[in-house]
Each structure stands twice: as structure tokens, then as C-alpha cells.
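Predicted model only: the values in this text are computed from it and were never measured. Reminder, nothing fancy here: chain letters follow the sequence lines and each chain counts from 1.
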Number of protein chains: 4
Amino acid sequence: MIDVAVVGASGYIGGELLRLLLDHREVRVGAAVSTRLAGSRVDRVHPNLRGRTDLTFTALDALGDHDVVFVAVGQTAGLDLVPRLRERAKCLIDLGADFRLRDPGLYERYYGTAHTAPELLGSFVPGVPETHRAELAVADAVSMPGCMAVASILALRPLAEAGVVAGAVTVDGRIGSSGSGVRAEQMNLHAERSGTMRLFAPTNHRHEAEIAQATGVRARMSATGVEAVRGAQVVCRVPVREPLGDKDVRRLYRQHYQDEPFVRIIAQRRGLYRLPEPKILSGTNYCDVGFATDPDTSTVVAVAALDNLVKGGAGGAVQCMNVRMGWPEHLGLEFPGLHPV
Amino acid sequence: MIDVAVVGASGYIGGELLRLLLDHREVRVGAAVSTRLAGSRVDRVHPNLRGRTDLTFTALDALGDHDVVFVAVGQTAGLDLVPRLRERAKCLIDLGADFRLRDPGLYERYYGTAHTAPELLGSFVPGVPETHRAELAVADAVSMPGCMAVASILALRPLAEAGVVAGAVTVDGRIGSSGSGVRAEQMNLHAERSGTMRLFAPTNHRHEAEIAQATGVRARMSATGVEAVRGAQVVCRVPVREPLGDKDVRRLYRQHYQDEPFVRIIAQRRGLYRLPEPKILSGTNYCDVGFATDPDTSTVVAVAALDNLVKGGAGGAVQCMNVRMGWPEHLGLEFPGLHPV
Amino acid sequence: MIDVAVVGASGYIGGELLRLLLDHREVRVGAAVSTRLAGSRVDRVHPNLRGRTDLTFTALDALGDHDVVFVAVGQTAGLDLVPRLRERAKCLIDLGADFRLRDPGLYERYYGTAHTAPELLGSFVPGVPETHRAELAVADAVSMPGCMAVASILALRPLAEAGVVAGAVTVDGRIGSSGSGVRAEQMNLHAERSGTMRLFAPTNHRHEAEIAQATGVRARMSATGVEAVRGAQVVCRVPVREPLGDKDVRRLYRQHYQDEPFVRIIAQRRGLYRLPEPKILSGTNYCDVGFATDPDTSTVVAVAALDNLVKGGAGGAVQCMNVRMGWPEHLGLEFPGLHPV
Amino acid sequence: MIDVAVVGASGYIGGELLRLLLDHREVRVGAAVSTRLAGSRVDRVHPNLRGRTDLTFTALDALGDHDVVFVAVGQTAGLDLVPRLRERAKCLIDLGADFRLRDPGLYERYYGTAHTAPELLGSFVPGVPETHRAELAVADAVSMPGCMAVASILALRPLAEAGVVAGAVTVDGRIGSSGSGVRAEQMNLHAERSGTMRLFAPTNHRHEAEIAQATGVRARMSATGVEAVRGAQVVCRVPVREPLGDKDVRRLYRQHYQDEPFVRIIAQRRGLYRLPEPKILSGTNYCDVGFATDPDTSTVVAVAALDNLVKGGAGGAVQCMNVRMGWPEHLGLEFPGLHPV
């Protein structure tokens with residue numbers, strides 16, 4: 001049993017980390033750090049943990065050494081914090097945006113501020129076991145991609161690796177309100193956010209750079225907030241070098257994912273859930289991937305869905321920890337999801 | 001054509017007043033007052049008014065004299081404001097909570113602060129044409145009851161007036177998130193408020209006092225925030241002096257409401273909308289009332305539904321203005337509502 | 001005042017036609033035809049019309065002659081019905097899919113069955129005043145495009161007409177559940193449909209052909225059912241011949257739509273509703289259009305939103321009737337929409 | 001490890017049983033019976049089970065002997081089926097309505113048909129470990145109460161057992177759409193059911209009889225379908241013999257439930273989740289209970305929330321099986337629930 005800490009434990013990703021880690025049989029949660037709520041019980045803001053823990057939040061100053069430290073703080077807040085915390089942990093897993101891109105120029109372009117620790121960027125392993133399992137097994141610093149980036153990467157990799165992508169890909173992302181975090185801002189009010197199809201990023205979504213970095217494919221991404229609390233879906237239009245039919249693409253995906261515990265291939269001809277649907281993934285660590293083909297136009301539409309707080313965040317991080325520690329990869333991530341829901 | 005002003009015009013009730021008044025053929029909107037947003041275009045925060053008006057918000061200081069002034073400000077903010085504004089208008093219609101109760105002791109008990117203008121309390125006519133039409137026709141100060149109070153009053157009046165109520169009534173209110181106003185608070189975040197059955201007032205809801213004042217019936221009220229943006233519904237359990245069947249109760253309601261333009265009696269044996277349903281009332285000025293009887297226990301369940309921002313707020317206020325000005329009561333309030341929705 | 005009939009009056013589009021026509025000051029609704037519900041009151045299935053009409057449904061056999069007949073029946077049902085009904089009306093407005101395409105070959109390809117009245121296809125004027133106002137003024141047969149086709153056409157026309165489109169466009173449509181109609185099918189159950197991001201048409205959506213026919217632009221369309229009852233939005237990625245910035249595109253849209261009563265240009269830098277959002281359009285006849293530009297990749301993202309049952313159906317049809325009769329185009333279509341909602 | 005069967009496995013309760021049983025470490029699912037879908041894969045209609053099982057549905061005829069048989073069929077379908085299936089199992093757990101009431105007269109009154117196996121009614125133990133743990137440990141036939149009945153029983157028992165209840169209780173139930181089952185009926189269509197506050201049972205809800213049977217308290221129950229897929233909440237107004245304050249009531253609840261693994265007492269003065277809220281219980285076996293007091297009127301408002309398909313159905317049944325087999329009660333029921341959601 002190892003000892004872990006969660007920094008940024010009062011946010012939505014932080015809460016999800018606590019949910020998963022408190023039930024993980026190889027882990028003891030040694031600290032839940034929240035500057036804002038130090039001294040309060042954890043279940044005050046994470047009501048699903050009532051009766052599951054008596055933990056209270058602690059201040060950052062009180063953080064000691066831990067085997068694994070998970071850091072889930074807002075953009076740019078990690079620039080200063082993450083480098084300091086690396087000292088306190090055998091392995092640090094960063095769920096923020098600040099150490100995802102290897103190129104500090106891209107960071108500045110997409111985040112609008114210069115990176116203050118560019119020398120560290122190369123040392124973080126991307127937190128995607130499906131693409132970096134071997135490196136993760138020995139990593140001491142891991143950076144989790146954004147939730148829609150993870151989905152896009154998993155949707156696109158089989159095509160990118162097979163060398164069939166013929167040009168820039170468009171990615172249309174859709175996401176629930178939990179992706180906006182716990183901040184009480186006007187735009188996140190229920191009366192304003194409910195029932196929207198809010199195209200908050202019509203062009204140049206930040207995950208473009210992550211997708212390109214991970215797949216070698218140029219991506220043009222837009223994103224829309226739709227009515228859901230959890231859940232993200234990406235629909236990627238991929239121009240391919242030659243007409244590909246369903247069988248061709250299914251073979252590529254199967255080869256790529258047949259042994260993956262958390263990637264399911266969903267591309268069916270009938271039924272109500274023929275392509276990846278986020279709602280049945282709430283609480284699970286699955287990333288469902290699927291596709292449709294249009295041989296006439298040499299296009300493949302690749303689709304992926306996941307729970308933005310789990311496989312797109314806390315669950316992916318726990319999966320990385322499992323890889324890093326040499327444990328079975330599904331430990332603590334067994335929940336199959338609900339239907340109907 | 002008269003000239004009107006809306007004070008508190010950037011809130012949800014204020015926006016609804018603007019929507020109705022801008023399309024009212026006898027009215028010119030002379031001022032939309034918002035301290036917070038003075039100088040901004042009205043359609044910046046009320047996007048449904050794009051292309052309908054070029055109005056900008058003005059500061060309170062700039063308010064001149066108007067025929068009718070509508071005041072839609074938060075609790076206790078009206079204590080000081082409303083008395084001052086009465087000077088500026090032939091008729092002031094207050095949509096806040098501060099001048100609803102005639103008894104300053106009840107105000108203090110339910111709102112937790114002493115009333116600072118108790119001498120004025122008796123001079124406000126309740127803004128319910130169905131119960132105070134004659135007084136409203138000559139009123140120079142009107143106070144709109146709370147949205148769930150209006151619904152409860154209209155549900156209960158036929159029984160109360162008939163003298164059949166045998167004791168205290170229980171009122172179970174359910175309401176959408178727009179009832180919480182435009183403030184960006186944690187509790188109103190989409191991720192927290194979505195899909196809730198939040199029993200925010202299990203006992204002693206403030207509207208109890210208004211209901212008692214208007215009907216003479218003691219009411220014990222609880223209220224729950226459910227998943228909706230607009231809409232309020234009350235379910236009232238009424239003990240009656242003798243067993244009453246559907247026919248008896250229907251007769252009482254019909255006698256009471258047969259000539260009312262905005263009260264429909266909905267109590268059907270079949271169909272999907274057998275009792276009052278708020279969702280089909282969005283945007284309308286209807287208050288649908290209905291009932292079910294349980295003769296075995298001498299109980300009548302009286303039900304009412306309305307749009308909390310319209311008949312429970314801005315629409316009711318416009319209806320009162322219509323009465324006051326001697327216009328057809330439905331002017332500017334013709335929208336029938338949508339289905340499905 | 002003219003006399004009109006609605007055939008298919010018990011469906012969702014039919015109900016919306018009744019709502020609009022019953023309040024239209026130049027129109028008398030002479031017949032509401034429903035084979036399934038002949039003899040029943042109209043407000044039994046359209047509860048929003050309670051207190052607004054005592055109309056009952058009539059059988060098709062009982063249909064007499066009317067000035068305008070609106071036909072809102074399901075796919076292929078119109079093949080036989082529409083030609084027969086043309087005799088009974090000075091002007092027939094078809095809201096079904098069967099007379100939208102001029103090319104019977106495309107009909108067969110997209111609808112999977114041969115067209116049985118191909119000789120009539122050329123005689124229907126597309127029901128889009130923004131593109132066919134002059135023809136509509138004298139038309140005796142009108143065919144309303146699909147809801148997402150209308151949105152796409154209005155989003156794309158300013159670019160297509162300006163000759164800046166450099167190749168095939170991708171259209172990503174999102175739509176609420178009312179688009180699936182009133183049929184009680186498993187896929188439309190609340191428990192299954194609620195909260196979905198159901199990519200029901202990943203490629204080759206039927207509206208592709210309509211969009212190409214109306215704009216001359218090749219379109220590749222996918223469509224997703226998202227959580228909403230009403231509302232449709234299209235996000236179109238348009239490759240353009242040369243880099244275009246916001247100002248360039250805004251000028252094109254302004255030139256095109258400055259005098260249109262029901263097209264608003266929404267492309268703002270700040271606020272919560274910066275691009276077209278369907279939820280604030282419920283019940284209105286607006287089609288909001290907007291855009292974002294990415295000069296680096298010579299791409300314009302064109303966006304449109306509307307209420308699929310109004311501007312994408314019944315409202316558009318009423319607007320066409322207004323044009324045909326020479327009335328002000330906004331008659332009966334004044335509702336501005338709600339916010340919040 | 002024991003062998004179990006689920007009859008009625010294609011419904012929503014059936015699917016939830018499969019979800020829980022497939023992950024239960026002491027159980028093998030020997031058969032999933034569905035007459036309608038015999039031969040189809042289980043994950044065709046329960047998409048959350050993709051990758052978790054290769055099970056197919058079998059016909060009823062093919063059912064062999066099993067250690068435990070769970071029966072989840074519709075009302076009256078169990079009258080014939082359940083008696084026959086008792087032969088095939090050491091223990092039968094019925095999740096339908098037909099063997100809940102001990103009094104056949106009450107069955108006929110509430111279900112409108114005579115009971116055809118009244119002699120068996122006394123032999124079913126109610127499936128509520130909190131009230132019948134000892135009997136369940138040796139039961140060979142168990143009948144699960146309705147979901148809102150379970151919630152009401154757990155809310156009311158501490159008061160009923162303490163002898164403080166002074167008269168009839170009113171129960172206001174609210175429930176999500178999954179409670180209506182998998183049937184494709186008009187009333188359950190998304191467009192009709194979405195956003196409703198549908199008071200489908202204003203008086204005399206069927207669970208009244210179950211509540212009275214289990215608690216000795218007369219209950220008058222109404223029920224409303226609100227916007228949710230999963231989740232049930234009951235708000236019970238309880239007249240008490242003498243004024244009780246929060247401390248008094250909290251003591252009663254604590255005494256009653258301090259050792260219960262699945263009942264949490266939620267009655268807090270602050271926070272967003274002060275009283276039982278169903279949404280954070282989706283997928284869990286918790287029944288959260290809480291209360292508010294109004295000493296002035298000698299009233300206690302008792303509240304309970306649960307997931308209607310879990311603690312109000314499949315989860316409760318698994319808990320009963322655990323009791324029956326002498327296993328730890330929480331086996332297979334560990335999921336803590338999600339927040340936000």
C-alpha cells in the first residue's frame with residue numbers, strides 16, 4: 001500500500017480523484033490539499049463521499065512527502081506549483097494544462113502567457129497508457145492531456161499510425177458543464193447553461209496542439225457546451241489516402257485496441273447506442289471509440305466518448321498510477337457505468 | 001400610449017418585463033434602469049431582445065418621471081428604494097418581496113430584518129387581478145406576491161371562499177432555477193443545480209404568510225428546486241369539512257374562474273397533461289389550476305402551475321397595469337405557450 | 001381573411017402550425033385533419049391550445065376547398081397525398097420531405113424509394129423567403145426544406161453567393177428530440193434519449209442534397225441528437241479561396257441579410273451568447289446566423305440556429321404564406337423568444 | 001460461488017440486476033431470461049455491459065434450477081409466473097408488485113384485479129434488511145417493495161417505532177422516468193416527459209398500502225414525475241404527538257440507523273446538499289434519510305432519497321441476497337455515487 005496526496009482536492013477533478021483513490025485497495029490517501037477549504041471535511045463539498053471518509057482538507061504548507069502526488073489546479077497555477085511539488089513525490093501526476101505541450105512556443109500561443117519552466121516540459125510523460133505505457137511504467141512526472149484531447153487521440157491514433165491520414169483533420173468536441181470547473185461564474189449558471197448548444201470555441205480550441213503532438217496529425221478543433229454535466233464526445237472528420245470501408249477501419253481499430261482494458265470499439269449497424277455515447281460512460285474509465293466511413297469521399301468519421309472527469313481526468317491518472325506501480329491496470333476503475341441514466 | 005420604466009432591468013424578472021413591455025402596443029419603455037450595467041445595451045444580457053430594441057440601461061439617478069414604474073430588485077433592496085420611487089410614477093408596481101405583507105411583524109419573522117417603512121405596508125394593493133381587480137383599477141401602488149404564492153392563492157381561493165376548508169393546508173412547491181435570480185452563486189451552478197430535487201425549504205417557506213394573508217387559510221409550505229429553468233407548481237393538500245367529489249370541486253372552480261382570461265381549469269381523466277404542468281406554460285401568463293379529490297379522507301388536492309417569471313412576476317405585473325389603465329386585460333400577454341417543449 | 005387547412009394536424013409540426021395560425025389575424029383555420037384522431041378536440045394532444053380553440057380534428061375525407069393547405073405528414077406519405085391535395089387549394093405548402101429535391105435520382109438515393117410523382121418535382125418553390133421571395137409571391141406549391149437544411153442554407157448562402165467557397169463544406173448538425181416526431185419508439189423514450197449526444201447520422205445525412213441544391217456547395221453532413229426538445233444548430237466548416245477575417249465575413253453577411261426580418265447576425269466577442277444559440281429561439285421564427293474565421297487555414301466556420309418546429313417548419317411555412325398573400329412578412333410570427341429558458 | 005438467474009432481464013430493473021450480479025464476486029449469472037429478446041446478446045439493450053459479458057438472453061422455457069432467481073416483470077405478470085418459479089430456486093426474490101401486500105383485498109383495491117394466489121401472500125418476506133434482517137436471513141421468498149415505498153418506510157420507521165406519530169402522514173413522491181419502465185408509450189417520449197412536473201398520482205398512490213403495512217402509519221401519497229432518469233425522493237409530513245426539535249429527531253434516526261451500511265442521515269444546516277438528494281445517489285445502494293422539524297406545529301418533515309433502480313430495486317435485492325447467503329451486506333454494492341453529476 002502506498003501513500004498518495006491530491007493537491008487541488010476541492011475541485012471537480014480533485015473530488016473524482018478522491019472518489020477513486022479512497023476505494024483503491026493499494027492506496028492510502030495521505031492528504032487532500034485545498035487552500036480555500038483547509039480544515040473543512042472533504043465530504044462538505046463532495047457529498048458523494050459521505051460515510052466513506054472522515055478526511056479533512058489540509059493547507060498546501062502542511063503537505064509532506066508522498067509516493068504519488070496528483071495535482072489538479074487551474075491553468076497557469078501549475079506553472080509555479082508543479083515544479084515545487086515534484087520534490088515531494090516519487091511520482092507526480094499533473095492534471096492541469098501547464099505541462100502538456102512540449103513546445104513552449106505553442107504553450108504561449110494557446111495559453112497567452114509565457115511558460116516559466118520550459119526546461120521541464122520535455123520531462124513529462126503524456127498520461128495515456130494506450131500510447132505511452134512503457135514510459136509511464138518508469139515515469140516520475142506525468143502530464144494528463146485535456147479530456148477532449150484524450151478522446152481525439154484515441155479516436156485518431158489507429159488511423160494516424162496506419163499512415164492513412166491524408167491531411168488536416170477537423171475535430172468537433174462537445175462537453176458537459178463539469179468541464180468548466182467549480183467556479184461560480186455567470187456563464188456557468190444553471191439558467192444560462194441549461195439546454196445550450198454553446199459553441200464556445202468555434203476555431204482554434206487549445207486541444208489542437210495536444211492532438212497534433214500526440215498523433216502527428218494536424219487538427220482543427222471547435223467545441224460546444226451541450227446539456228450534460230459529465231461527458232465529452234469528439235467527432236473527427238479524417239480525409240484518408242484511399243477509400244476505406246467499414247471492414248478496413250474496423251480492422252485497424254481492432255489491431256490497435258484489442259488488448260486495451262479501457263477502450264471499446266463501438267460501431268454498430270443497429271440499436272440505440274450505435275456509436276460512442278458519453279451518457280452511459282458516466283463514472284467509468286472507458287473511452288469508447290467508433291467510426292463511420294464514406295468511401296465516396298475518402299473520409300472516415302472517427303468518434304470517441306468518455307467521462308471528462310474520469311478517463312479524461314482522474315480515472316486516466318489512476319490508470320497511469322497503476323501502470324507506474326506495476327499493478328493490474330483496472331484496479332479501482334471497475335465501475336461499468338449505468339443504463340438507463 | 002403611456003411611458004413606463006423598469007428598475008432592476010438587468011435581472012431575470014426585469015428582462016421579462018422588457019420583453020412584454022417592448023411588444024405592448026399601448027406602452028413606450030422610457031427607461032431600463034440597472035446600476036450594474038448602466039450604459040450597456042439591454043440586449044447584451046437579454047439576448048432574446050436582439051433586433052427588437054436598441055435600448056441601453058440607465059443609472060438610477062437618471063430616472064425621470066414615468067406613468068408606471070416597475071421595480072424588480074432583491075429582498076430588502078426595495079425597503080429604501082420603493083418609497084423613493086413612488087414619487088416618480090402615477091403607479092408603482094413592485095415585484096420584490098418588501099411590500100407584500102401587511103403585518104410588519106410577519107415581515108420581520110420571515111425576512112429576518114425589521115421593516116423600515118411599515119406605515120406604507122397597508123397602501124399596496126396585491127397584484128392579483130383575480131382577487132383584487134376593483135382595487136387595482138384605481139391603485140397607485142401595487143405589490144406582486146411571490147410566484148408560488150400567486151399559484152397557491154389561485155389554487156386555494158375557490159375552496160377558501162366557499163368556506164369548505166377545515167384546517168391548515170400543506171403546500172408543496174416546486175420551482176425552476178430562474179427563481180434564484182441572476183446571481184452567480186455556487187448553489188446555482190449548472191453542475192450542482194442540474195437534475196436536482198433540492199428541498200431548499202422543508203418547512204416555513206416565506207410564502208406561507210402571503211398565502212394566509214390572501215386566503216385566510218393557514219398554510220405550511222415546503223419548496224423544492226427541480227430540473228427546469230422556468231416554471232413553478234404547487235400541490236396543496238386541503239382538508240375539507242365534508243367529503244367533496246370531483247363534480248363538487250369542479251363547480252366551485254368554474255364559478256370562480258369562468259370569466260378569468262388567465263386561469264384555466266385543468267383536471268382531466270386522461271391524456272398526458274391531466275393536471276397543471278408548468279412546462280407548457282413557459283412564456284405565457286396563464287395560471288393553470290386543477291384538483292383531485294379523495295372523499296374517503298375529506299381531502300382535496302389543489303394544484304396550480306405557472307411560469308414564475310410571467311404570471312408569477314412580469315406578466316402578472318403587466319396584467320395589473322392593463323387593469324389599472326382600463327385596457328383589455330390580455331394586451332401584450334397573448335402568447336399561448338409551446339408544445340412540445 | 002382567408003381560410004386555411006392543416007393536414008397532419010396532430011403531429012408536432014401540425015400543432016405548431018395550429019398555434020401560429022389560430023393567432024394569425026388574417027387567417028381562419030377551417031380544418032385540422034388527423035386520420036388518427038378525427039373527432040377529438042385539438043387541445044387534447046396540443047395542451048398549449050386549451051382555452052384558445054374549440055376545434056376538433058376532422059378526417060381527410062371531410063376536407064373541402066381552402067385558400068391555403070398546409071401538409072405535414074411523414075416521409076413517403078406525401079408522395080400520394082400531396083398531388084391529390086394540390087387540387088383543393090389555391091396554394092399548397094408541403095412541410096414533408098417528398099417534394100424538396102428537384103432530382104428524382106437524388107430522392108431515391110437519400111430516401112431509398114423511387115419517387116412516384118417525379119413530374120411534379122420542378123413545380124414546388126423552396127419555402128425560404130430569404131432565397132426565393134419573388135417566386136413565393138406567386139407560388140401555388142411550396143416545399144419547405146428540412147430544418148437543418150434551412151439553417152445550413154442561411155448560414156452558407158452569403159459565402160456561396162460571394163463565390164468564396166473553395167470546396168466541399170462539412171456540416172455538423174445538432175437537434176432536439178421534437179425533430180423525431182410524435183411516434184412512440186424505443187429510441188425516443190425519455191430514459192434513452194435524455195442527455196444523449198447521439199450521432200444518429202455520422203455521414204451522408206439527407207439534408208446534404210438539399211443544401212447542395214440550394215447553395216451550389218457540396219456538403220458533407222453529420223447530425224447528432226442532443227439534450228433539447230426544440231432547437232437545431234448547424235456548424236459548417238467552409239474552406240475559402242483566400243484568407244478572410246471577421247470584418248470581411250461580417251460585411252458579406254450584412255449585405256445579404258440587412259433587410260431580412262427573421263435573420264439576425266450573431267458573432268460577438270463577449271457575452272454568454274456570442275454565436276447562434278437555439279435555446280433562446282424556442283417559439284420564434286428567427287434563424288440566427290454567425291461565424292468565426294481562421295485566416296491561417298483559410299477557413300470560415302459558419303453557424304446557424306433556429307427552432308426546428310418554427311423557422312425550420314411551421315413558422316417558415318407561415319412566413320411563406322405571408323409572402324404569398326402579400327401581407328407583412330412577420331404577421332403571426334412576432335414572438336421574440338425567452339431568456340432565460 | 002452460487003448460480004443465479006434473472007427473469008425479466010431486458011427491462012431496466014433487469015439490466016441493473018445484471019450490472020450488479022456480473023460484478024458480484026460470489027455469484028455466477030447462469031441465465032438472463034427475456035421472452036422478447038431470447039437469443040440476443042444482453043449488451044444489445046444494456047450497452048453499459050459491453051465488454052463485461054458475452055451473455056445472451058434465454059427463453060423462459062429454458063430456465064433450469066438456480067440458487068437464487070430474481071424476477072422483475074410487470075404488474076400482474078407475476079401472479080402466474082412467480083408461484084411457478086418458486087420451485088426452481090432455493091430463494092426467489094420478486095421485484096414486481098404482485099406479492100408485496102399481505103392483504104388480497106388491498107391488492108384488488110389498488111391494482112384493480114383479484115389476486116390469483118392469495119394463499120402465498122403471507123410467505124414473502126419484505127425485502128428491506130433494515131426492517132426484516134433476521135427473517136431475510138432464512139427466507140426462501142422475498143418481495144421487494146416499490147421504490148418510493150422503500151424510501152418512505154426508511155424515512156418514517158424511526159418515528160413510527162418511537163411511537164411519536166400522531167395521525168395520518170402525507171407522502172409527496174417525486175420520481176425519474178426510468179420508473180416507468182422500458183415500454184415505448186407516448187407518455188414516456190422524451191419530448192413529452194422532458195422537463196415535466198407531472199403529477200401522475202395526485203391521490204391514492206399504490207405505495208400507500210405498502211407504507212401502512214410496513215410502518216403501521218396511515219399514509220396519503222401523491223407522486224410526480226420530474227426531470228430525471230434515475231432517482232426517487234419522498235417528502236413526508238408527519239404530525240407528532242409533541243413538539244420535537246432537530247436534536248430529538250436526530251437522536252431517533254441515529255439510534256435506528258447507526259449500524260446500517262446503506263442508510264445515511266443527511267440533515268445539515270449548510271452546504272448545497274443539506275437534505276437527501278437523489279442525483280448524487282445514481283448507481284448507489286444508499287437510501288439517504290433526513291428531516292426538518294417545525295415544533296410550532298408539532299410537525300416533522302421526513303425526507304428520503306434513493307436510486308429507484310438500485311436501493312429501490314436491483315440493489316436492494318442484491319442486499320437481500322447477501323443477507324440470505326450470510327455474506328457481507330455490501331458485497332457488489334460498493335459504488336459511492338458521483339458528484340457532480
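- Pairs passing the ring-ring contact (aromatic ring centres under 6.0 Å, His included) check and including a residue from residues 219-256 of chain B, sequence neighbours excluded, read B/Tyr253-B/Phe291.
- Both the backbone and the side chain of D/Arg198 have a heavy atom closer than 4.5 Å to some heavy atom of chain B.
- Interface remark: of the candidates D/Val226, D/Thr299, D/Leu199, D/Asp296, D/Leu199 forms the most heavy-atom pairs closer than 4.5 Å to chain B.
- Using a 4.5 Å cut-off between heavy atoms, D/Arg220 touches chain B through backbone and side chain atoms alike.
- The candidate with the highest count of non-hydrogen atom pairs below 4.5 Å against chain D, out of B/Val235, B/Asp294, B/Leu189, is B/Asp294.
- Both the backbone and the side chain of B/Ala191 come within contact range of chain D, with heavy atoms under 4.5 Å apart.
- Contacts classified as ring-ring contact (aromatic ring centres under 6.0 Å, His included) and involving residues 225-252 of chain D (residues at least two apart or in different chains) are not found.
- Heavy-atom neighbours of chain B within the stretch residues 266-278 of chain D, taken at a separation under 4.5 angstrom, comprise D/Leu272, D/Tyr273, D/Arg274, D/Leu275, D/Pro276, D/Glu277, D/Pro278.
- Residues D/Ala228 and B/Met197 share a closest heavy-atom pair of CB-CE, 4.2 Å.
- Within the 4.5 angstrom heavy-atom criterion, only backbone atoms of B/Thr293 (N, CA, C, O) approach chain D.
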Return all side-chain donor-acceptor pairs below 3.5 angstrom for residues 146-154 of chain B, not counting sequence neighbours, or 'none' if the list is empty.
residue, atom, partner, partner atom, Å
B/Ser152, OG, B/Met148, O, 2.7

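- Side-chain contact between B/Arg237 and D/Ser222 is present, with heavy atoms from C-beta onward closer than 4.5 Å.
- Annotation: maximal heavy-atom pairing with chain B below 4.5 Å, among D/Arg218, D/Met187, D/Glu192, D/Arg193, occurs at D/Glu192.
- Of all heavy-atom pairs spanning D/Ala292 and B/Thr203, the tightest one is CB-CG2, 4.1 Å.
- Heavy atoms of B/Val229 lying under 4.5 Å from chain D are absent altogether.
- Listed options D/Val301, D/Val341, D/Thr196 were ranked by heavy-atom pairs under 4.5 angstrom with chain B; first place goes to D/Thr196.
- A side-chain N or O of D/Thr224 and one of B/Arg174 form a donor-acceptor pair less than 3.5 Å apart.
- How far NZ of B/Lys279 is from OG of D/Ser194: 5.0 Å, rounded to the nearest 0.5 Å.
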